[in-house]
Amino acid sequence: MNTSVAVLALTLLCLCVADVPQSQAEEGRSGDFPRPPCPYAANTENCCQLILRELEAKLRNTEKQLEDLGRAIQGNRVAFGASIGNVGTVGPFNAEITITYKNVFSNTGAYNPATGIFTAPVKGFYYFSFSGHNPTTKPMGLRLMKNGVQMVTVYNHPAGNRYETATNGMNLQLEVGDQVYMTLRPHTWILDNINSHSTFIGHLLFPL
């Protein structure tokens with residue numbers, strides 16, 4: 001029930017009780033019931049005011065709890081999934097680069113497809129996985145990074161003229177603001193097309 005509605009209802013109830021003539025509320029009168037004693041105050045008006053204050057405080061506390069619960073539920077909704085897109089081969093480059101997965105399938109907002117970087121919105125345990133596809137005339141080296149530090153990696157060595165896919169993943173504990181992203185090692189390449197072979201996904205397992 002809305003706070004103002006509940007307070008108004010109780011106010012009207014108290015006014016009705018207060019408006020009953022004392023002569024009709026006297027105990028022992030035929031057809032009447034004795035008015036129960038107020039547990040807060042001897043005076044009816046003061047009693048209603050005290051009840052209203054207590055009810056308002058309880059309702060404010062309930063509304064705060066519901067708001068906190070709503071924020072907690074919203075904070076738990078962290079997930080994304082993306083592929084590089086229909087771009088053909090990416091690389092090789094002389095330096096390591098951050099891969100941008102611009103073909104977004106789902107994203108609650110923590111992943112930035114323009115930079116390829118996921119930024120943790122809440123402290124917790126997260127799961128990340130990735131896949132990479134390449135023609136093996138050249139190698140493919142992928143690294144899952146957290147704040148500039150390698151977590152896990154895959155490396156496809158040259159193996160003639162064929163196509164290969166490699167995958168890996170890991171659970172990571174993140175603080176608010178930690179960044180997770182994928183990099184392509186120097187002198188290697190990766191391929192993607194309309195089939196979305198090369199992907200990067202992540203989601204919150206549970207907050208801490």
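- Residues I190 and I201 fall into different hydrophobic clusters, defined by Ile, Leu, Val, Met, Phe, Trp and Tyr side chains chained together at heavy-atom separations under 4.5 Å.
- Note that CG of L205 and CG of L172 are 9.5 Å apart. Values are rounded to the nearest 0.5 Å.
- The closest side-chain heavy-atom distance from R162 to E164 is below 4.5 Å.
- Here the side chain of N107 pairs a donor or acceptor atom with the backbone of Y111 at under 3.5 angstrom.
- With sequence neighbours left out, the side-chain contact (heavy atoms from CB on, under 4.5 Å) criterion links N103 to S83, F105, S196.
- In terms of modelled atom types and a separation under 3.5 Å, the side chain of S198 and the main chain of I84 share no donor-acceptor contact.
- Take N193 and apply the side-chain contact (heavy atoms from CB on, under 4.5 Å) test, not counting sequence neighbours, and it matches N86, L191, N195, H197.
- T183 pairs by the side chain to side chain donor-acceptor pair (under 3.5 Å) definition with E96, not counting sequence neighbours.
- Residues M170 and V154 are members of one and the same hydrophobic cluster, defined by side-chain heavy-atom contacts under 4.5 angstrom among Ile, Leu, Val, Met, Phe, Trp and Tyr.
- Looking only at side-chain heavy atoms (C-beta outward), M182 and T98 stay at 4.5 Å or farther from each other.
- Looking at P158, P139, P92 one by one, the single match for side chain to side chain contact (heavy atoms under 4.5 Å, CB included) with T188 turns out to be P139.
- Closest approach of Y126 and P121 over heavy atoms only: OH-CD, 3.6 Å.
- A pairwise comparison of heavy atoms in F80 and F200 identifies CE1-O, 3.5 Å as the closest pair.
- For D178, the side chain to side chain donor-acceptor pair (under 3.5 Å) partners two or more places apart in sequence, or in a different chain, are N147.
- A distance-only check finds no donor-acceptor pair linking the side chain of Y127 to the backbone of G169 [under 3.5 Å].
- For the pair K146 (side chain) and Q173 (backbone), a donor-acceptor distance under 3.5 Å is present.
- Looking at V87 and K102, their side chains never come closer than 4.5 Å, going by heavy atoms from C-beta outward.
- The side-chain heavy atoms of N168 and F128, taken from C-beta on, include no pair separated by under 4.5 Å.
- Screening residues 146-183 for ring-ring contact (aromatic ring centres under 6.0 Å, His included), with sequence neighbours left out, gives H133-Y163, Y155-H157.
- Taking F93 as the reference, V90, I97, L184 meet the side-chain contact (heavy atoms from CB on, under 4.5 Å) condition, with sequence neighbours excluded.
- The CD atom of E175 lies 4.5 Å from the NZ atom of K123; values are rounded to the nearest 0.5 Å.
- For the pair W189/P135, a side-chain contact is recorded, criterion being any heavy-atom separation below 4.5 Å from C-beta on.
- Annotation for N161: atom CG does not count as buried by contact number, only 12 or fewer foreign heavy atoms lying within 6.0 Å.
- Residue L208 places its CG atom among more than 12 non-hydrogen atoms of other residues, nucleotides or ligands, all under 6.0 Å distant.
- Cluster membership check: M151 shares its hydrophobic cluster with M140, using side-chain heavy-atom separations under 4.5 Å among Ile, Leu, Val, Met, Phe, Trp and Tyr.
- One finds the CG atom of N112 at 3.5 Å from the OG1 atom of T115 (value rounded to the nearest 0.5 Å).
- With hydrogens and angles left out, the side-chain atoms of S131 and T165 include no donor and acceptor closer than 3.5 Å.
- Using modelled atom types, one side-chain atom of T108 and one backbone atom of R77 make a donor-acceptor pair closer than 3.5 Å.
- Minimum heavy-atom separation, N156 to A166: OD1-CB, 3.6 Å.
- When side chains are defined from C-beta on, F130 counts as touching L142, because their heavy atoms get closer than 4.5 Å.
- Under the 4.5 Å side-chain criterion, counting only non-hydrogen atoms from C-beta, V180 is in contact with L144.
- Under a hydrophobic-cluster definition in which Ile, Leu, Val, Met, Phe, Trp and Tyr are linked whenever side-chain heavy atoms come within less than 4.5 Å, directly or via other members, L174 and V149 are assigned to the same cluster.
- Counting all heavy atoms, side chain and backbone alike, A110 lies closest to V78 at CB-CG1, 4.3 Å.
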